[in-house]
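All heavy atoms count here, side chains included; hydrogens, waters and symmetry mates do not.
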Amino acid sequence: MKYMLTGIEVHPDLGFGITADSYYHSAEHLMTNHFEHYDLTQQVEMPQNFLFRHSIELYLKSLIIIFHKELNIDYGNVAFDSDDPEAFVDGKWRKLYSSHFIDKLYDYWLNNLLLPNIQKLTDLAPKGDWQEYKKITTLFRIISKYDQDSSYFRYPITKNSALDNEKNTMQKFKAKDNIEDLINEMQEKNGDKKGNLTMLVFDNQDNIIEAFHKADNVLPEVRDALYEVASYFHGIHIMTRVTLCGGM
């Protein structure tokens with residue numbers, strides 16, 4: 001795999017793929033190497049989720065560029081070997097550098113490049129795995145619902161305000177007025193599970209005015225989807241570089 005040992009300036013995908021690898025491996029490291037006080041830190045999975053999500057975007061851009069070059073497909077009025085690549089999104093050609101909608105990039109790569117050219121790809125690289133995996137297509141819907149444009153796991157507040165609270169570690173809940181009743185309710189909910197962190201705010205009359213609990217798992221479906229899709233494209237990217245690009 002010569003692309004791993006050569007400068008970005010000679011890479012056919014302008015360096016998108018090798019950069020995607022760095023984000024992917026950094027996210028993998030965060031998954032299994034927790035820092036001190038990890039369990040007490042709020043929003044702790046957001047950097048990991050962002051890195052996986054960004055790696056997916058970069059892998060897609062790498063594959064779009066490679067497919068255009070290897071299949072000699074122009075970007076509209078821009079030549080296929082241009083250093084200013086594009087993608088056909090929402091009925092028009094848009095610069096790839098400023099295109100961040102992950103589901104639309106995937107749709108373009110899948111339906112405009114991969115599926116219509118499976119025979120050509122098979123002829124050029126018969127050892128490649130040129131097909132759609134329906135599960136990956138389904139997982140993109142989960143990811144793009146929350147983070148279509150790479151902002152959801154990058155900022156605490158986004159345009160998608162209705163979903164922002166779901167990523168918060170400390171989640172607000174309506175507490176019982178009586179502290180004893182609250183403790184009994186929490187014990188019933190937890191059962192035999194290990195205790196969790198709860199924050200209660202009292203007024204001067206010892207009335208509970210706000211209550212927060214630490215979520216055990218924050219958006220696990222999205223987290224798992226990001227990891228699975230990123231892992232898929234990590235493999236597809238390597239396969240493409242080896243079989244279609246001769247290792248470059």
If we ignore hydrogens and angles and just use 3.5 Å, is the side chain of [X] paired with the main-chain N or O of [Y] as donor and acceptor?
| X | Y | value |
| --- | --- | --- |
| Ser62 | Leu58 | no |
| Asn207 | Asp203 | no |
| Gln43 | Thr169 | yes |
| Asp74 | Gly76 | no |
| Lys61 | Leu96 | yes |
| Arg241 | Met248 | yes |

*All side chain to side chain contact (heavy atoms under 4.5 Å, CB included) counterparts of Asn217, not counting sequence neighbours*: Pro220, Arg223
Tell me whether [X] shares a hydrophobic cluster with [Y], the cluster being built from Ile, Leu, Val, Met, Phe, Trp, Tyr side chains joined at under 4.5 Å.
| X | Y | value |
| --- | --- | --- |
| Tyr97 | Leu113 | yes |
| Ile56 | Tyr232 | yes |
| Phe153 | Leu163 | yes |
| Leu14 | Ile238 | no |
| Met239 | Val229 | yes |

*Let me see the working for Leu244 and Phe67 under side chain to side chain contact (heavy atoms under 4.5 Å, CB included), right down to the final yes or no.*
CA-CA 9 Å; Leu244 193 61; Phe67 277 38; 4.3 Å; yes
*asked:* Looking at Asn33, I want to see if its CG is surrounded by more than 12 non-hydrogen atoms of other residues, nucleotides or ligands under 6.0 Å.
replied: yes
*asked:* Are more than 12 heavy atoms, taken from residues, nucleotides or ligands other than Ile209, located less than 6.0 Å from that residue's CD1 atom?
replied: yes
Approximate separation, where rounding is to 0.5 Å, of [X] [atom1] and [Y] [atom2]:
| X | Y | atom1 | atom2 | value |
| --- | --- | --- | --- | --- |
| Leu124 | Asn117 | CG | CG | 9.5 Å |
| Glu210 | Leu200 | CD | CG | 10.5 Å |
| Glu28 | Gln48 | CD | CD | 10.0 Å |
| Ser151 | Tyr146 | OG | OH | 14.0 Å |
| Leu110 | Leu63 | CG | CG | 11.5 Å |
| Ile118 | Gln131 | CD1 | CD | 7.5 Å |

*asked:* Run the salt bridge (Lys or Arg N to Asp or Glu O under 4.0 Å) test against Glu221 and tell me which residues pass, sequence neighbours left out.
replied: none
Where [X] and [Y] come nearest, the two heavy atoms and their spacing:
| X | Y | value |
| --- | --- | --- |
| Asp84 | Lys95 | OD2-NZ, 2.9 Å |
| Asp21 | Tyr3 | OD2-OH, 3.8 Å |
| Glu70 | Cys245 | OE2-SG, 4.2 Å |
| Glu57 | Ser99 | OE2-O, 3.7 Å |
| Gly17 | Asp13 | N-OD2, 2.7 Å |

_Taking side-chain hydrogen bond (donor to acceptor under 3.5 Å, both in side chains) as the cut-off, I'd like each qualifying pair that reaches into residues 154-163, sequence neighbours left out, listed once._
Thr158-Asp164
Evaluate the side-chain proximity of [Y] to [X]: yes if any heavy-atom separation is below 4.5 Å, no if none is.
| X | Y | result |
| --- | --- | --- |
| Trp130 | Thr240 | yes |
| Glu166 | Val222 | no |
| Phe16 | Ile64 | no |
| Leu139 | Ile142 | yes |

_Nonpolar side-chain network containing Tyr38, other nodes, edges under 4.5 Å_ = Phe35, Val44
*Look at the aromatic rings of Phe140 and Tyr106 and report parallel, tilted or perpendicular, splitting at 30° and 60°.*
parallel
*His68 vs Tyr108 aromatic rings, parallel, tilted or perpendicular, using cut-offs 30° and 60°?*
parallel
*Would you mind listing every salt bridge (charged side-chain N to carboxylate O under 4.0 Å, His left out) that reaches into residues 139-153, with sequence neighbours excluded?*
Arg53-Asp147
*Compute both the distance and the angle, then confirm whether Lys167 meets the cation-pi test with Tyr152: under 6.0 Å from the six-membered ring centre, within 45 degrees of the axis.*
yes
_Partners meeting ring-ring contact (aromatic ring centres under 6.0 Å, His included) with His213 (sequence neighbours left out)_ = Phe173
_Between Phe52 and Tyr24 (judged by ring centroids, cut-off 6.0 Å), do the two rings come close enough to count as a pair?_
yes
_Asn165 and Gln171 side chains, donor-acceptor separation under 3.5 Å_ = no
*For Phe233, the option from Tyr227, Tyr23, Trp109 that meets ring-ring contact (aromatic ring centres under 6.0 Å, His included)*: Trp109
*Criterion salt bridge (charged side-chain N to carboxylate O under 4.0 Å, His left out) on Lys214 and Asp39, from CA distance to verdict*: CA-CA 10 Å; Lys214 184 176 183 291; Asp39 292 334; 5.8 Å; no
